[in-house]
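The block underneath contains the structure these notes are about, expressed in structure tokens.
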Amino acid sequence: MKKSLLFATRAVLSGLLLLVPAYLAVLVLLKGMKSVAALVHPFALLLPDWFPAEKLLSLLLVLAICFLIGAAVLTRAGRVLRERVEKGVFERIPGYALFRNLTRQVTGDTHQSAWKPALAEIEDALVPAFIIEEFDDGRYTVFVPSIPTPLAGAVYILDRKRVHPLDVPFADALKAVSRWGSGSKELVAAMEKGDKSQR
């Protein structure tokens, strides 16, 4: 029963992380095609009636706009503008930063400092955790997930000596949590390896 519940929970979470961004992207694409239909209509009249010119031209125009925006965001000025828009608009939306960081971590973005896997010392035990942020004085805000639901849990602010960052992929740490702790010995091995390298 526990294995079935665990599998169902993992399957739902994995499906959501994949489907929600894809669904939203399709909705935005369709809405964009509707918005530019009036612009491409004169050009569509030049093509044969049997050819779905308006839809195809609308799609191509939206994709071209996406390409131009994407290329602009890759420049230095574009990155600065994107960060300002994210901080000023999107980060005010509840859950946006959380899902952005989770999505980046799941896709293997190792440059993300938030949601870094760690083992935290809580009372006399080591518990799987994720570093959410680091204070200027060295303390960490850590999220300790519940088993087997990794998106629920508790937040702690701990001294640096009680938090052991792990050099493991985010997905591996998430698996250990969603598998009722199975795989934690790999996390402990990574912690001990990191401790030895710092000596």
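Basis for what follows: all heavy atoms, side chains included, without hydrogens, waters or symmetry-related copies.
For Y156, there are no side chain to side chain donor-acceptor pair (under 3.5 Å) partners, not counting sequence neighbours. A search for side chain to side chain donor-acceptor pair (under 3.5 Å) contacts involving D136 returns nothing, not counting sequence neighbours.
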List, one per line, each side-chain donor-acceptor pair under 3.5 Å for residues 67-76, sequence neighbours excluded.
residue: T75; atom: OG1; partner: A72; partner atom: O; Å: 2.6
residue: T75; atom: OG1; partner: G78; partner atom: N; Å: 3.1

Residues 32-43, side-chain donor-acceptor partners within the protein, below 3.5 Å, at least two apart:
residue: S35; atom: OG; partner: K31; partner atom: O; Å: 3.0
residue: H41; atom: ND1; partner: E54; partner atom: OE1; Å: 2.8

For a quick test of your reading: what N or O donor-acceptor pairs under 3.5 Å do the side chains of residues 118-130 make, sequence neighbours left out?
residue: E121; atom: OE2; partner: H164; partner atom: NE2; Å: 2.7

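Exactly one of L158, L166, V163 qualifies for a side chain to side chain contact (heavy atoms under 4.5 Å, CB included) with I131. That residue is V163.
Hydrophobic clustering (ILVMFWY, side-chain heavy atoms < 4.5 Å, transitive): V188 and V168 are in one cluster. L47 is connected to L60 through a chain of hydrophobic side-chain contacts under 4.5 Å among Ile, Leu, Val, Met, Phe, Trp and Tyr, so both are in one cluster. Taken together through direct or relayed side-chain contacts under 4.5 Å among Ile, Leu, Val, Met, Phe, Trp and Tyr, L45 and W50 form parts of separate hydrophobic clusters. Criterion: ILVMFWY side-chain heavy atoms under 4.5 Å apart, direct or through other members. Under it, I157 and I132 are not part of a common hydrophobic cluster.
Inter-residue side-chain proximity for S58 and V62 is flagged as unmet; no heavy-atom pair is nearer than 4.5 Å.
When the shell of 6.0 Å around CG of D137 is examined, it contains more than 12 heavy atoms from other residues, nucleotides or ligands. By the 6.0 Å contact criterion, OH on Y23 is open, its count of non-hydrogen atoms from other residues, nucleotides or ligands being 12 or less.
Shown here for P165 and Y140, the closest heavy-atom pair between the two residues is CG-OH, 4.0 Å.
Among pairs with a residue in residues 157-170, those fulfilling salt bridge (charged side-chain N to carboxylate O under 4.0 Å, His left out) read E134-R160, at least two apart in sequence or across chains.
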